[in-house]
Each structure stands twice: as C-alpha cells, then as structure tokens.
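Model, not experiment: these values are computed from the prediction. Residue numbering restarts at 1 for every chain, and letters A, B, ... go by the order of the sequence lines.
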Amino acid sequence: MVKIVNVVASGSLDVEFDLEQVATDMGSVAEYSPKKYPVIYIRFKDDTPLITLYRTGKYIITGSESKQQSRNFREEFLNFLSNNQMITTPKDEWFCIQNLVCTGELDQSLNLNTLTVDLGLEVTEYEPEQFPGLIYRPSGFTSVVLIFASGRVVITGIQDFDIAQEIFISVRNKISEITNTE
DNA sequence: TGAGCGGCTCCTTATATATCAGCTTCGG
DNA sequence: CCGAAGCTGATATATAAGGAGCCGCTCA
C-alpha cells in the first residue's frame with residue numbers, strides 16, 4: 001500500500017579529508033568534479049545507493065529503499081574507509097535518517113480541482129499549469145503529499161515509515177468521505 | 001565611501017509522480 | 001519535406017551537505 005522509494009540519511013566522521021587525495025585513492029568507485037560541486041560521489045556498484053562525501057567529513061547517503069539498507073550501506077562505507085586507512089576506526093560521530101520518499105496508490109482517479117477545495121485551500125496548492133500534482137500539507141505533520149489525478153500519491157518529508165502509513169490512511173479516508181458525500 | 005560580515009539563494013544527489021515544451025529521428 | 005512518434009529536460013516536493021555569489025547592513 002505504501003512503499004519507500006528513497007531514503008536520505010546523513011552522518012559525520014570526525015575527520016577532514018583531502019578530497020583530491022581520497023578520490024585518487026578510491027579509484028573507480030569515486031567521482032570527483034570540484035568545479036561542478038565540492039564533493040566526492042561514491043558508488044560501490046551500479047544500482048546501489050550513492051554516498052556524497054564532503055571535505056569536512058560529513059556525508060549523505062541517498063537512493064536506499066529502506067532504512068536498514070541505508071544503515072547497512074553506512075557500515076560498508078565505514079569499513080571501506082577503515083580498510084583503506086582513511087579513518088582509524090569504523091565509527092562515526094552521528095548518523096540519522098533525514099527524509100523518506102514513499103509512494104502509494106488510492107486505486108481511483110481524482111478530480112484535483114474539487115479535491116483542493118474539499119481538503120481545504122489553506123493546506124493545498126494546485127496549479128496544473130505549473131505542476132500536474134496537488135500539493136497537500138496535512139495539518140499536524142511536517143510532511144508534504146503530492147496527489148495526482150491518477151490516484152497515485154507521493155509522501156515525503158518524514159523520517160518514519162509508520163507516519164507515512166498514517167498519513168496515507170488519513171488521506172485515503174478523507175477522500176473516501178468526500179466521494180461518499182458527493 | 002569602502003571594507004567586512006552576516007544572511008540568503010542556488011548549485012547537486014536520490015526518488016516517485018505527471019504534464020508541458022522543444023528537440024531529434026523515422027517513415028511515407 | 002513534413003507529420004508523427006519518441007525522447008529529454010524543465011516544472012514541484014522533501015532532505016542533508018559546502019561553496020560561490022549576491023545583497024544589505026554596520027562601522028570606521
């Protein structure tokens with residue numbers, strides 16, 4: 001019903017890196033284009049999450065499909081740095097999940113013009129000429145939900161999958177109430 | 001009037017979603 | 001040579017990060 005499609009996590013190592021040197025040491029798994037953006041992109045295999053490493057030792061992991069995959073990937077990253085003598089111990093200062101992107105399917109097509117009014121103009125934005133989805137900011141959450149005429153939804157801005165499910169159920173219930181009273 | 005500093009915005013990455021414009025390619 | 005089809009890149013959402021550039025403000 002609700003599925004995680006992307007996890008963004010970040011962490012910090014208590015080390016400053018010479019990115020030029022690290023990129024050389026890492027070889028083909030690293031991509032370094034300082035003129036484009038001052039980081040090293042690290043990808044161990046195709047279709048695996050991407051690590052963005054900063055000079056300051058901070059890093060971001062994007063593209064995981066679960067929190068666990070994100071954590072596993074962090075482990076792999078720390079071990080890689082440790083095994084290559086880039087850090088002394090495979091430990092970091094902090095690590096946390098920053099954002100989840102989830103998708104859901106309401107199994108019915110929707111009239112976004114009427115839905116904008118029914119959900120409330122103060123919590124929705126719908127400008128089809130700008131973007132085809134309805135932007136819904138459910139009260140009580142920091143999350144943003146994109147609702148499309150096809151019935152597909154995208155939920156983002158949360159750190160917890162349970163909350164994504166809670167929001168999805170709430171949206172589904174609201175829409176079924178609205179369609180029942182019409 | 002100019003130096004310096006703080007705050008702000010944009011850049012980039014992943015990812016789903018959908019719709020537009022503009023471009024390339026292909027067939028008749 | 002032209003229309004159709006397909007592809008690409010914008011549009012918007014969240015989030016972390018460091019650097020560059022810009023703007024406004026303060027103080028000498």
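Contact of the A:S10 side chain with the A:W94 side chain is registered, since non-hydrogen atoms from C-beta on lie closer than 4.5 Å.
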Verdict with reasoning, A:F168 to A:L106, per side chain to side chain contact (heavy atoms under 4.5 Å, CB included): CA-CA 9 Å; A:F168 177 78; A:L106 293 165; 3.9 Å; yes

Can you list the steps and then say if A:N84 with A:D25 is a side chain to side chain contact (heavy atoms under 4.5 Å, CB included)? CA-CA 8 Å; A:N84 289 278; A:D25 293 348; over 6 Å; no

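Atom C1' of nucleotide C:dA12 and atom CD1 of A:I147 are separated by 14 Å, given to the nearest angstrom. At whole-Å resolution of the value, NZ in A:K58 and C1' in C:dT15 are 15 Å apart. Spacing between atom CZ of A:F131 and atom P of C:dA14 amounts to 12 Å, rounded to whole angstrom units. Regarding A:L100, its CG atom lies at a distance of 13 Å from the P atom of C:dA16, rounded to whole Å. Atom CD of A:E127 and atom P of B:dT17 are 23 Å apart (whole Å). In this structure, CD1 of A:I4 is placed 19 Å from P of C:dA14, rounded to the nearest angstrom. Atom CD of A:E129 and atom P of B:dA21 are 11 Å apart (whole Å). Rounded to an integer number of Å, the gap from OH of A:Y126 to P of B:dA18 is 12 Å.
Within 6.0 Å of CD on A:E105 lie more than 12 heavy atoms contributed by other residues, nucleotides or ligands.
Atom CZ of A:F131 and atom OH of A:Y126 lie 11.0 Å apart (nearest 0.5 Å). Rounded to the nearest 0.5 angstrom, A:I42 CD1 and A:L81 CG are separated by 6.5 Å.
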Mark up nucleotides 5-16 of chain B, 5' to 3', with B wherever a protein heavy atom is under 4.0 angstrom from a base atom, S wherever such an atom reaches only the sugar-phosphate, and - elsewhere. ------BBBBBB

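Between A:T56 and C:dG18 there is a side-chain polar atom (N or O) within less than 4.0 angstrom of OP1 or OP2. Residue A:R55 places no side-chain N or O under 4.0 Å from the OP1 or OP2 atom of C:dA17. The phosphate of C:dT11 has neither OP1 nor OP2 within less than 4.0 Å of any side-chain N or O from A:Q130.
Of the residues in residues 12-19 of chain A, not one places a heavy atom less than 4.0 Å from an atom of DNA chain B.
Counting any heavy atom pair closer than 4.0 Å across all strands shown, A:S150 reaches sugar-phosphate atoms only and no base atom.
Each of A:G11 and A:I135 has a nearest nucleotide on DNA chain C; the 5'-most of these lies closest to A:I135.
The shortest non-hydrogen separation linking A:N6 to A:T62 is OD1-C, 4.1 Å.
By the side-chain contact (heavy atoms from CB on, under 4.5 Å) test, A:F141 pairs with A:P138, A:S143, A:I163, A:E166, A:I167, sequence neighbours left out.
In summary, A:R137 and A:E125 engage in a salt bridge, as defined by a charged side-chain N under 4.0 Å from a carboxylate O.
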